[in-house]
Number of protein chains: 2
Amino acid sequence: MARSPSKPITEHLAYLLAQANREINRQLDARFRTEGVPVEQWRILKVLSDGKGHSMGELAEAVLLNHPTLTKMVDRMVSDSLVYRVQDSDDRRKVLMFSSERGKALTQRLNSLALSQESHIAESYGNKATAELKRLLESLIEKAN
Amino acid sequence: MARSPSKPITEHLAYLLAQANREINRQLDARFRTEGVPVEQWRILKVLSDGKGHSMGELAEAVLLNHPTLTKMVDRMVSDSLVYRVQDSDDRRKVLMFSSERGKALTQRLNSLALSQESHIAESYGNKATAELKRLLESLIEKAN
DNA sequence: TGCGAATCGTTGAATATTCAATATTTTCCA
DNA sequence: TGGAAAATATTGAATATTCAACGATTCGCA
């Protein structure tokens with residue numbers, strides 16, 4: 001008696017997500033190569049671009065990084081003068097992160113690279129499909145939490 | 001003159017994909033914890049479950065891992081007697097990977113954990129939305145290549 | 001046929017990430 | 001009020017990944 005064939009991996013949602021994520025990230029990274037910045041740093045800079053001061057915990061959550069990983073990445077960004085730390089005077093356990101002027105300038109250049117990628121995708125993939133995909137992803141994320 | 005506010009990161013396709021992927025993977029990893037196996041090893045085992053030898057190059061592509069990373073992960077799996085290497089006699093540069101009996105047994109247990117996750121998602125998220133999301137992801141991946 | 005280029009997999013060093021433990025500050029409540 | 005517990009961020013050690021270089025084999029073609 002033969003074992004019933006299991007669903008191929010390419011039909012699993014987890015796999016499709018990993019594959020799509022990998023590919024889109026790869027493309028974005030390629031565009032960011034001119035600035036020598038990994039995608040995660042763009043996320044950090046983007047979150048900080050509201051000028052408001054975000055704690056490390058908030059940031060870690062927002063940019064999808066573990067705390068220690070974020071700490072070390074921020075160390076590098078501080079060395080590169082892209083961001084800086086300020087102790088939160090209301091709660092001195094916290095550190096508030098801010099983007100420097102240099103960081104803000106870089107953010108704008110990265111934003112435009114990212115937008116150009118988005119429009120490239122929308123072009124070859126279709127505006128409608130893109131919007132629908134985003135909608136479904138948002139809803140999946142919401143349900144998953 | 002104020003700088004025009006840029007699109008929030010949560011509206012970028014790249015970010016939504018990263019977020020969804022992270023969350024789904026986290027959940028899957030939690031289920032696999034009982035077997036102490038990372039998601040990548042499940043992918044490898046699954047690809048090998050057709051019983052036909054696969055080269056390292058093929059495998060790396062299929063399981064979304066870089067070559068050196070795969071080599072080292074396979075080393076571990078060989079130590080655990082889950083898979084084994086056979087030199088390809090047709091092309092002696094290649095190595096063909098096979099799943100052991102132990103590996104096959106584990107694959108089945110992992111498959112059932114993965115299926116249970118899929119049905120859990122489909123349940124809370126809806127069969128239709130899930131199917132549609134998969135369809136859109138497949139099509140995005142296709143376009144991106 | 002022979003030899004330069006390409007392919008395949010692995011290795012070692014450099015880099016990055018993760019896990020567990022720590023230091024500091026705040027919160028809670030007995 | 002005092003002190004245990006929780007929250008926040010960082011550190012160091014262990015682990016994993018990546019990059020560049022290598023060795024072996026095959027391919028292309030002059």
By the rule that ILVMFWY residues connect when side-chain heavy atoms come within less than 4.5 angstrom, directly or transitively, which residues belong alongside B:Phe98? B:Tyr84, B:Val86, B:Leu96
Do any side-chain nitrogens or oxygens of A:Ser55 fall under 4.0 Å of OP1 or OP2 in D:dA9? yes
If you check every side-chain atom of [X], which of [options] has the closest atom?
X       : options               : result
A:Arg93 : D:dT11, D:dT26, D:dA6 : D:dA6
A:Lys94 : C:dT11, D:dT25, D:dT8 : D:dT8
A:Val95 : D:dA7, C:dT10, D:dA9  : D:dA9

Check whether more than 12 heavy atoms from other residues, nucleotides or ligands sit under 6.0 Å from atom CD of B:Glu11, and answer yes or no. yes
Which residues share a salt bridge (charged side-chain N to carboxylate O under 4.0 Å, His left out) with [X], sequence neighbours left out:
X        : answer
B:Arg135 : B:Glu132
A:Lys72  : none
B:Lys134 : B:Glu118
A:Asp91  : A:Arg93

Among residues at least two apart in sequence or on other chains, which ones pass side-chain hydrogen bond (donor to acceptor under 3.5 Å, both in side chains) with [X]?
X        : result
A:Asp88  : none
B:Ser116 : B:Arg31
B:Glu58  : B:His54

Stretch residues 84-92 of chain A: residues that reach within less than 4.0 Å of DNA chain D through a heavy atom: A:Arg85
Without swapping roles, check the side chain of A:Ser100 against the backbone of A:Leu82 for a donor-acceptor pair under 3.5 Å. yes
Interatomic distance where CE belongs to B:Met56 and P belongs to D:dT25 [whole Å]: 17 Å
In this structure, how many angstroms lie between the C1' atom of C:dC19 and the NE2 atom of A:His67, rounded? 14 Å
Grab the N/O contacts between the protein and nucleotides 15-17 of chain C below 3.5 Å, and write none if there aren't any.
residue: C:dT17; atom: OP2; partner: A:Arg76; partner atom: NH2; Å: 3.4

Please give me every residue in residues 29-39 of chain B whose heavy atoms get under 4.0 Å of an atom in DNA chain C, ordered by residue number. none
A:Tyr125 meets the ring pair (Phe, Tyr, Trp, His ring centres under 6.0 Å) criterion, sequence neighbours left out, with none
